[in-house]
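Down below is the structure, laid out as structure tokens.
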Amino acid sequence: VVFPLQKLARYLAPGADTARFRLFQPGLAALQRAEALFRSGRDHAIDYVSSAVRMDHAPPPALPEVCFIGRSNVGKSSLIRALFSLSPEVEVRVSKTPGHTKKMNFFKVGKYFTLVDMPGYGYRAPQDFVEMVEAYLQERHNLKRTFLLVDGVVGLQKTDHIAVEMLEEFGIPYVMVLTKIDRASRGLLLKNVLEIQEFVKEKTQGCFPQLFLVSSLEFSGVHLLRCFVAHVTGNLPTVEAS
């Protein structure tokens, strides 16, 4: 549940290189610290702050920030809701209709960081998607990491490659997250993981070498992703990560 990528590594051929499967491998104390960040309390409010369609509508860039982008039906809002599941009062709207998110939605996690749910690209993307997202990526100086969500069942699509090119062009540090892993057979998932891992190694410079696998339904990988978010926003400085 915590390390789905390592579980998958058992099915590789003997002697296969699994170094990229465990670059970020936090211990129990770090995982617990991250859990605490995502659990609201009397002195630690987790709130939806605002939505924006233009950068001049965005809240002030006062805290470290992470954003989540991906194709319209990749399960982005479902994943963000899973990340915030320890604070059920936080309202993350999840629609059965792809492309529901038309604005940049900002969530403030206490005094620690801000998480941004970006509009989906591809099918049913907002008309001004490119202008909105490009402006955000280029101007948001407090952005620490972009999480690029890829469907774990279908792998990298043409629109995902365009997103990668944009992130690479702007020099934005990012990480790939494979969603919906509960829907993929083990063989298909392993095939997609190895293909994407090779793509990251050969074709990217700004992408973190380790993939993150998640299931919003079964919560696989959610604890690890929380920990990585906490780490890249500077709230887990002692965690080992390449």
Side-chain angles (χ1 to χ4, degrees), residues 1-12 16-39 64-70 74-76 79-80 82-86 109 112-116 142-150 152 155-156 160 163-164 167-168 171-182 189-190 192-216 218-242:
V1 172
V2 180
F3 300 105
L5 197 57
Q6 289 177 35
K7 181 181 177 184
L8 206 58
R10 299 176 200 161
Y11 303 100
L12 288 169
D17 182 11
T18 59
R20 288 168 175 254
F21 280 55
R22 53 179 188 275
L23 293 173
F24 183 73
Q25 199 168 7
L28 183 59
L31 289 163
Q32 289 173 334
R33 169 67 178 146
E35 297 283 282
L37 285 176
F38 281 88
R39 184 181 289 110
E65 199 157 274
V66 293
C67 77
F68 284 66
I69 67 172
V74 78
K76 185 163 41 63
L79 175 57
I80 293 172
L83 289 169
F84 286 139
S85 62
L86 299 171
V109 180
Y112 298 99
F113 64 90
T114 305
L115 187 151
V116 189
N142 60 327
L143 179 63
K144 299 301 181 186
R145 196 71 53 119
T146 293
F147 290 79
L148 176 58
L149 274 52
V150 176
L156 282 171
D160 298 321
V164 166
L167 292 165
E168 291 284 336
I172 306 290
Y174 63 105
V175 59
M176 286 199 200
V177 180
L178 269 63
T179 62
K180 306 179 184 178
I181 63 169
D182 53 283
L189 186 59
L190 194 54
N192 286 337
V193 163
L194 294 174
E195 285 180 357
I196 295 171
Q197 210 170 35
E198 187 64 20
F199 171 82
V200 168
K201 181 181 178 182
E202 299 294 332
K203 305 288 187 183
T204 73
Q205 291 183 310
C207 189
F208 186 66
Q210 179 178 325
L211 304 179
F212 287 80
L213 275 56
V214 294
S215 164
S216 303
E218 298 176 347
F219 280 84
S220 303
V222 170
H223 307 80
L224 185 64
L225 195 60
R226 284 185 188 132
C227 205
F228 193 70
V229 169
H231 174 66
V232 297
T233 53
N235 293 297
L236 282 180
T238 58
V239 175
E240 293 291 322
S242 298

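Note that the structure is a prediction, hence the values are computed from the model and not measured. Throughout, residue positions are numbered sequentially from 1 according to the sequence presented.
Closest non-hydrogen pair, S220 versus I181, comes out as CB-CD1, 4.0 Å. Nearest approach of P4 to V1, heavy atoms of both residues: CD-O, 3.8 Å. Taking every heavy atom of both residues into account, L12 and L190 meet most closely at CD2-CD1, 3.9 Å. Smallest separation of non-hydrogen atoms from N192 and G155: ND2-N, 3.9 Å. The two residues S215 and D182 make their nearest non-hydrogen contact at OG-OD1, 2.6 Å.
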Step by step, work out the side chain to side chain contact (heavy atoms under 4.5 Å, CB included) result for C207 and F199.
CA-CA 10 Å; C207 189; F199 171 82; over 6 Å; no

Derivation and outcome, side chain to side chain contact (heavy atoms under 4.5 Å, CB included), residues F208 and L23
CA-CA 9 Å; F208 186 66; L23 293 173; 4.2 Å; yes

Go through it in stages, so that I can follow the logic: the residues are N142 and T114, the test is side chain to side chain contact (heavy atoms under 4.5 Å, CB included), and I'd like the CA-CA distance, side-chain angles, deciding distance and then a yes or no.
CA-CA 10 Å; N142 60 327; T114 305; 5.7 Å; no

Run the numbers on K144 and F113 for side chain to side chain contact (heavy atoms under 4.5 Å, CB included), then give the verdict.
CA-CA 10 Å; K144 299 301 181 186; F113 64 90; over 6 Å; no

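Checked by atom type and distance alone, the side chain of T179 pairs as donor or acceptor with a backbone atom of V74 at under 3.5 Å. Under the 3.5 Å distance criterion, the side-chain polar atoms of T18 are left unmatched by any main-chain donor or acceptor of F21.
Listed by first then second residue, pairs satisfying side-chain hydrogen bond (donor to acceptor under 3.5 Å, both in side chains) with a partner in residues 196-211 number zero, not counting sequence neighbours.
Side chains of F84 and L115 form a contact here, defined as non-hydrogen atoms less than 4.5 Å apart. Counting heavy atoms from C-beta on, the side chains of L83 and V222 come closer than 4.5 Å.
Atom CD1 in I80 sits 8.0 Å away from atom CG in L149 (nearest 0.5 Å). Atom CG of L156 is separated from atom CD of E195 by 9.0 Å, given to the nearest 0.5 angstrom. The distance from the CG atom of L213 to the CG atom of L178 is 5.0 Å, given to the nearest 0.5 Å. Here H231 contributes atom NE2 and L224 contributes atom CG; the two are 11.5 Å apart, rounded to the nearest 0.5 Å. The CZ atom of F38 lies 9.5 Å from the SG atom of C227; values are rounded to the nearest 0.5 Å. Between L143 atom CG and R145 atom CZ the span is 9.5 Å, to the nearest 0.5 Å.
Partners of R33 by side-chain contact (heavy atoms from CB on, under 4.5 Å), not counting sequence neighbours, listed by chain and number: L37, Y112, L236. Applying the ring pair (Phe, Tyr, Trp, His ring centres under 6.0 Å) criterion to Y174, with sequence neighbours excluded, gives no partner residue. Legend: residues meeting ring pair (Phe, Tyr, Trp, His ring centres under 6.0 Å) with F3, ordered by chain and number and at least two apart, are absent. With sequence neighbours excluded, the residues that form a side-chain contact (heavy atoms from CB on, under 4.5 Å) with S216 are S78, L79, A82. Under the side-chain contact (heavy atoms from CB on, under 4.5 Å) criterion, S85 pairs with F219, R226, not counting sequence neighbours.
Between F228 and F147, the two ring planes are perpendicular [angle over 60°; tilted spans 30° to 60°].
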